[in-house]
Amino acid sequence: MAGKVKWVTDIEKSVLINNFEKREWVQVTENDDWNFYWMSIQTIRNVFSVDTGYRLSDDQMVNHFPNHYELTRKDLMIKNIKRYRKELEKEGSPLAEKDENGKYNYLDFVPVTFMLPSDYNLFVEEYRKNPSSTWIMKPCGKAQGKGIFLINKLSQIKKWSRDSRTSTFVAASSGKEAYVISLYIDNPLLIGGKKFDLRLYVLVTTYRPLKCYMYKLGFCRFCTVKYTPSTSELDNMFVHLTNVAIQKHGDDYNHVHGGKWTVSNFRLYLESTRGKEVTSRLFDQIHWIMVQSLKAVAVNASPSLTSSTANDRILKYNLINDTLNIVAPNGDVPDCRWNRSPPREALGNYQVLYDEELQAQSDHGERDLRTRSGQSLGSKGTKGSAGARPPAATWK
Amino acid sequence: MDDGSELSLSVAHIVRRLKGSHLHAQIERRAKECLHQPEIRLDSLREDVRRFLRTSGWERQLQNAVYRELQVQRPPSHPAAPLEHLKEPLAYMRKAQACWEKRVLKSLNSMSAELGVPLARMRPAAEQKELTSKWNEMGTDEPDLTSFRPVFAPKDFLEVLISLRNPNYDSSEDVGVRSHWGLIQVPLDVRDIPQLRRAYAELNLTTGQLGIDDHAHIHPDLFENEYLQIGKKVVVEQDSAAAQQYSRQGCSTGLRADLWALILNSNNQPQDAMHYEQLTAGVVQHDLLVDSLIYKDVKLTASNDDYYFVFEDFLYQVLLCFSRDTAVLEHFKYNSATPPRSFVQGKGEDEECAVVYPPNGVIPFHGFSMYVAPLCFLYNEPSKLYSVFREMYIRYFFRLHSISSSSSGVVSLCLQFERLLQTHLPQLFYHLRQIGAQPLRIAFKWMVRAFSGYLSTDQLLLLWDRILGYDSLEIVAVLAAAVFAFRAENLMEVTSLGSAEEERGFSCAIALEDRGV
């Protein structure tokens, strides 16, 4: 079908707009006949809410699935994972195998978590088994580290007790939880004595069959302050939370590197200090968790498209570029009948995380387990692109 | 002097070095202990004890220690050779180095006087306590460093090298075809490409290399897998010499930390950890003026680096201790430099005594912390990191900022770089010279830092693999020339030194340049 792709967005970010313009796509408004709409969360909510009954036509594409909040909201995420595990168990799937202590062999990737207020009593029971432990409270619907805090005494969350007369939680009848509370992992891997997290980008093009791609150029975000599990520093969010939005306001935030490392630096550090096998296993497990989480349904909400450093801007521009190349190959107008399996050359810096259609062509269950042990995404897959000459050494 | 007596001189020298060492004591103790074992028999005592030492790995450790002595300081070739010849045989170089040192020390002393900061002072108890509690996060300290300047920058040092002349050498004959276009005007013997090809045979096109032949599109069975197995065996054998040979083709990331420690014979002895503890105690007790220089350097360089900012605190823990480590003074036997001496007023008495300042005799300059930073990717335990860094410094890095005729010394590297460029890229060299952009002015800072901070870490480590493997810094000069070779086209278009320096995106494949040049 001839004609340029017509795009709309309600997010004024240059990394997006520059990418649309470079493909010579045509900007229109949402009331026009658009093909591609990069929506903010609010718009998605409105467009796909039950009341509007809006349906995309065959030549329209948006940047979120309607059920994206199933993974964004922490309470829904935990519900989905718990439910997914139970389902697999019922089916007798080997993935749901447990060890002699009742722990899942392959699906144990979430710490003990409860929803508040609905699971308050269950939480207290668990808490009392180990009263010296620390727990982390996260508001269900917020991001960027907002509203998160740590507790190590029951009194600190007394207000979520159902019996409390000064209860301030959102009424259980609304069906929405206010917080999730998880066992805090207080011995995280530290690098240079600092805590960090991983920001990895995953693109999902379809859920059924599941096709997802991981961007190879993710990054680590470091806390600016040395990590200490000491209880006196529980309130110091600069020690415990890695979100850039928080770290940005610390005294030591550096605008040159933004407290970030590329995943390849991280990999080099781990291989050098811990060995290659351990590192490969770690990355395989990370990929595994991603695929399993997606299978438990839901899509993450918008990643931040605000760039904090020059390097960051370049990364996000390229990320959007590669994303658009996968979802709208050759810059064509979307067509829902397209089979959505891009050839390898078109992946850019994405690598195939999981393609259910391809998996279905072989013995299903076995293949899953083999993926788990790392044979389809071995270290070879993440190194270098499939070019003919060795990658040039890079100047800084 | 015939081979026999030279050999016995060497042996005597090494015996002298190892006698009374901790290793010596340990071997003696083990040998005594093994006498209780049933397989040791009186009539074959000597062979049995020797066999025991071999099978228990002690002989290998001794071998590694001997190898280390041979590497670090060649035994004197003549018993009557004066000590200063060991440091630097050429008189004019010695003189130039002494002059330079005087300048540096003067600069340090005047900074101390201007700022009213003593070269060293004892910390009051409260300050000691505070520092001890903050030992693991000195990076959070924000002392006011604005008035401190680095004692010198590489470009100051370059000017000194440029002015070096051999008074015995008449260069008037060289005008014409053989004239040298570059800035270095001393007639040192540096290797040309055919000689380099022979010396660096393991880097030729037909030999597998890590960093080139282990990438995704080349099947691992062709090279990588087998090479990795060999590497693992080398580590198990704990053989320094084998590790060094192996490193010539690159070290696999998972094995590199062990291999480098082997090559440098840095092997986790308890006395190393104890020594490091003592040094940290020294840091807590006394504050040195050079500490501020170190702080400033780390803040300006490593803390702003994409790769190394994470390790800021480790850098303080290493460099502050390094300044106080008098064991480093050993290396001045073969370093053309001499540790600066300063004067301290005796307490209460009118006595003045000269002490070495700083205690390790090394005054840090701008960029010094970048020698340590890449090592943080390999070692995350401070005492091990310290021990490896110190050994790297006293074998290699000191040569990058002292004036000597050594083939790994910075003067030779500069000359080699210029000669390579003039021989193989004459048009480019001439062009740059004409626009006032002498190539050495651009490449000098890369070489002084052995490229740390100028290459991504994974590639820098591959470069340093070869420095260790060949026990020479020559490759740094070759790489610098190769960088120019790869950007030759663009460089031909620039019209000023400024834009030549801005040639961002200088890119090169690490071993390709060794093959191509």
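Convention: sequence-line order gives letters A, B, ...; per-chain numbering from 1.
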> Of B:Leu378, B:Asn380, B:Val310, which is the lone residue that meets side chain to side chain contact (heavy atoms under 4.5 Å, CB included) with A:Tyr269?
Replying inline: B:Asn380
> Between A:Thr279, A:Thr273, A:Thr262, which shows the greatest number of heavy-atom pairs under 4.5 Å with chain B?
Replying inline: A:Thr273
> What distance do B:Arg256 atom CZ and A:Leu268 atom CG have between them, rounded to the nearest 0.5 Å?
Replying inline: 7.0 Å
> To the nearest 0.5 Å, what is the distance between NZ (A:Lys194) and CD (B:Glu137)?
Replying inline: 9.5 Å
>> Tell me every residue that passes side chain to side chain contact (heavy atoms under 4.5 Å, CB included) with A:Asn321, counting only those two or more places apart in sequence or in another chain.
In response: A:Asn19, A:Lys22, A:Arg23, A:Asn325
> Where is the tightest heavy-atom contact between A:Asn265 and B:Tyr307, given as atom of each residue plus distance?
Replying inline: OD1-CE2, 2.9 Å
>> Which heavy atom of B:Ala257 sits nearest to which heavy atom of A:Ser272, and what is that distance?
In response: CB-O, 3.9 Å
> Which answer fits B:Cys251, side chain, backbone, both or neither, if we ask what part of it has an atom under 4.5 Å from a heavy atom of chain A?
Replying inline: neither
> Are more than 12 heavy atoms from other residues, nucleotides or ligands located less than 6.0 Å from atom CD of B:Glu381?
Replying inline: yes
> Counting heavy atoms not belonging to A:Ile185, are there more than 12 under 6.0 Å from its CD1?
Replying inline: no
>> Going by salt bridge (Lys or Arg N to Asp or Glu O under 4.0 Å), name the residues that satisfy it together with A:Asp322, two or more places apart in sequence or in a different chain.
In response: none
> Taking side chain as C-beta onward, heavy atoms only, is B:Asp306 less than 4.5 Å from A:Lys260?
Replying inline: no
>> Please check this pair: side chain of A:Lys276 against backbone of B:Thr253, looking for a donor-acceptor N/O pair closer than 3.5 Å.
In response: no
> When the aromatic ring centroids of B:Phe377 and A:Phe266 are compared, is their separation below 6.0 Å?
Replying inline: no
